[in-house]
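In each ligand, atom 1 is the first atom listed, and ligand 1 is the first ligand listed.
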Amino acid sequence: MPSTESVFDSETVGVSTLPTTPDRSASCSPALDESTDEHDGASNGTKTTSEADSDIENKFHSKTIRSICCVGAGYVGGPTAAVLALKNPSIKVTVVDRDDRRIRRWNSRHLPIYEPGLTEVVRIARDGLGEVSRVQGSGAIEGLRKPNLFFSADVSRCISEADAVLIAVNTPTKMRGTGKGCATDMTSFEAVAAEVVRHARDGTIIVEKSTVPCRTAQMIQEMIRIQRPGAHFEILSNPEFLAAGTAVQDLLRPDRIIIGSGTTPEGLSAAEALAKVYASWIDRKRIITTNVWSSELAKLVANSMLAQRLSSINSISALCEATGAEINEVSAAIGADTRLGSKFLRAGIGFGGSCFKKDVLSLVYLAESLNLQEVGDYWRQVVEMNEYQRNRFTSRVIKRLNSTLVTKKICILGYAFKKNTSDTREAPALEIIKSLLDENPREIAIFDPCCNPVVIENEIRSLQNYGPPVLSDDGGSVKVYSDAYAACAGSNAILLVTEFDEFLNFPLLSNAASSGVNSQGKSKISPSEVNESAKQHFNDEPECAADCPDCQSGTGYGDSSADNVENSPKKQLDWRRISGEMQSPKWLFDGRCVIDVPKMESLGIRVEAIGSAGWTV
Ligand code: UDX
């Protein structure tokens with residue numbers, strides 16, 4: 001019988017793990033050395049599963065995964081589990097997290113994260129699809145699809161019931177102790193791994209989904225040896241490559257799936273079992289098997305090389321500003337070389353997000369731990385260039401405003417670290433605001449079309465630790481708006497910090513044309529593509545709990561209906577109106593190289609863009 005009820009009680013408490021997303025770091029870090037152990041598969045060359053298929057299938061009877069427990073209900077765990085469940089209706093997928101407030105939100109109308117298309121995926125897998133007859137009240141309820149996605153705070157029980165456990169918890173940078181500011185903080189990962197080793201059934205497949213330092217699987221093996229002697233667990237590395245804002249499409253159409261395993265028959269068999277789960281919607285040629293260490297390292301290297309590319313183009317943008325070359329023209333010219341390719345060449349205020357900086361630094365730490373100082377120095381420069389770029393932008397703003405912000409209103413358009421996401425982790429906006437605050441402006445106004453103002457305010461309030469009150473409500477100068485025009489009105493300068501389509505000053509042919517390609521260059525999938533007819537059969541969504549921030553703010557942020565926004569043209573700002581309400585001289589600082597400069601200047605707004613020589617008096 002289809003039901004909107006989870007088999008688990010979302011209010012269940014009594015969990016014994018650490019929170020999966022701690023805000024403090026401790027001093028533990030996985031041991032790094034140059035030795036190998038029996039789990040080493042270094043001699044094993046990379047091959048696609050289709051190549052490896054026949055030998056694995058012939059030699060080993062691979063296990064079938066019928067239930068998956070994903071530990072960590074965050075930006076990776078939640079969407080990944082939802083798509084796994086969507087595409088495998090016969091597999092029971094349970095997402096667990098010790099944070100029962102977060103679990104309550106996953107079990108409600110307002111999910112804890114915003115991702116285009118995610119609500120529909122969750123509604124199908126979590127709530128199931130009911131027959132129209134049910135809506136009409138015929139009484140005979142026969143579901144089109146039963147729920148197979150569950151969210152629970154009963155961590156240990158769900159782990160003990162799963163054939164495969166995915167560990168998808170935060171692995172931020174350590175903020176104290178050995179490797180401070182560089183090494184990966186393994187506090188949550190280690191705690192969850194210990195919980196998994198303690199509670200998992202003998203034979204369970206343990207999967208590293210989190211981005212972890214190379215050789216983390218060895219740490220888990222050692223735990224098993226001590227805590228569960230005699231039990232056998234295979235450990236797989238299966239890093240996630242989804243990007244914020246395009247998570248659902250990245251999961252539905254990944255470039256590749258990487259599964260790292262031990263090279264023993266049991267290891268290969270476990271890899272095959274996981275490959276089968278993905279093969280329900282992903283071409284086998286895209287499923288790549290490697291040894292565990294290669295897989296762990298590949299994730300760090302992929303992110304580091306993307307970040308390196310951005311730092312490279314950003315360094316060139318400084319040269320452009322000094323010479324009169326245009327960075328967008330340079331990017332297009334070099335991107336036409338198929339050996340280089342055109343993606344990830346948009347210069348800007350520097351990369352943000354939860355991954356790039358921490359993964360580059362993790363690579364630096366790995367190299368330094370292995371006494372490869374030159375390698376570490378090389379990669380560290382990627383992060384330093386990123387900070388230089390952001391600071392250069394802020395300095396340029398201040399210089400153009402006659403080196404004083406006193407009495408001036410500065411408007412920040414976009415707070416999230418990139419468009420189409422409410423994710424603010426490592427957002428350049430916060431660092432820019434910090435620098436602007438030092439100049440004692442009359443007001444810093446913030447508007448973001450995706451982020452809940454309450455969430456932004458909470459982050460801004462945390463700056464108070466550094467000095468006097470910052471939010472206007474507390475007597476400071478920062479004010480967060482839910483209306484873009486009110487934020488811009490009376491401003492001396494507008495800083496375009498995130499490249500939301502809403503902020504662009506040229507017509508979007510259609511939404512498909514404007515944002516039909518994501519940052520990875522893949523074509524966009526509308527949520528309806530998940531299953532167009534499914535919408536007609538949606539079951540009722542569960543209600544929100546009393547502590548839901550989206551209900552409290554009453555803004556509609558996080559509303560499931562917001563997903564429909566991506567199917568309709570973005571409501572773009574009326575820049576003529578904004579210009580009419582700004583103070584002269586009117587400045588726009590384009591931190592993302594997305595503004596049509598002549599058009600903006602025809603409205604009387606002077607534009608300074610990254611990678612362009614800028615306004616000449
Ligand atoms: C990244 C990786 O892309 C993804 O594969 C991995 O799993 C997680 O880390 P994410 O950080 O979510 O994803 O977003 P991404 O689209 O990669 O953008 C990262 C940052 O680079 C953003 O701040 C974005 O604005 C910036 N960026 C991206 C540019 O400045 N220019 C570009 O051309 C592309």
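Less than 4.0 angstrom separates some heavy atom of Cys355 from each of these atoms of ligand 1: 8 (C), 9 (O). Which parts of ligand 1 touch Leu345 is read off a 4.0 Å heavy-atom cut-off, strictly below it: atoms 33 (O). Which parts of ligand 1 touch Glu240 is read off a 4.0 Å heavy-atom cut-off, strictly below it: atoms 7 (O).
The side chain to side chain donor-acceptor pair (under 3.5 Å) check on Glu208 picks up nothing, with sequence neighbours excluded. Residues forming a ring-ring contact (aromatic ring centres under 6.0 Å, His included) with Tyr415 (at least two apart in sequence, or on another chain): none.
Not a single N or O atom of Glu499, backbone or side chain, sits closer than 3.5 Å to an N or O atom of ligand 1. The shortest N or O to N or O distance between Ala243 and ligand 1 is not below 3.5 Å. No N or O atom of Gly350 sits closer than 3.5 Å to an N or O atom of ligand 1. At least one N or O atom of Leu242, backbone or side chain, sits closer than 3.5 Å to an N or O atom of ligand 1.
Residues Arg215 and Glu296 are not paired through a salt bridge, judged by the lack of any N-O separation under 4.0 Å between the basic side chain and the carboxylate. Taking the charged nitrogens against the carboxylate oxygens, Lys419 and Glu499 have no contact shorter than 4.0 Å, which rules out a salt bridge. Note on Arg123 versus Glu120: no salt bridge recorded, every NZ/NE/NH1/NH2 to OD/OE distance being 4.0 Å or above.
Stacking of Arg425 on the aromatic ring of Phe417 is not recorded, the 6.0 Å distance cut-off and the 45° axial limit not both being met.
Thr211 and Thr171 share no side-chain donor-acceptor pair at under 3.5 Å.
With atom 20 (C) of ligand 1 as the reference point, the heavy atom nearest to it among Phe241, Phe344, Phe351 is part of Phe351.
Aromatic pair Phe351/Phe356: ring centres closer than 6.0 Å.
Ligand 1 has Lys299 within reach: a non-hydrogen atom of the residue lies less than 4.0 Å from it. Within the 4.0 Å heavy-atom shell around ligand 1 one finds Arg592. Contact analysis puts Ala244 in contact with ligand 1, with a non-hydrogen atom separation below 4.0 angstrom.
At a heavy-atom distance under 4.0 Å, only side-chain atoms of Asn303, from C-beta outward, approach ligand 1.
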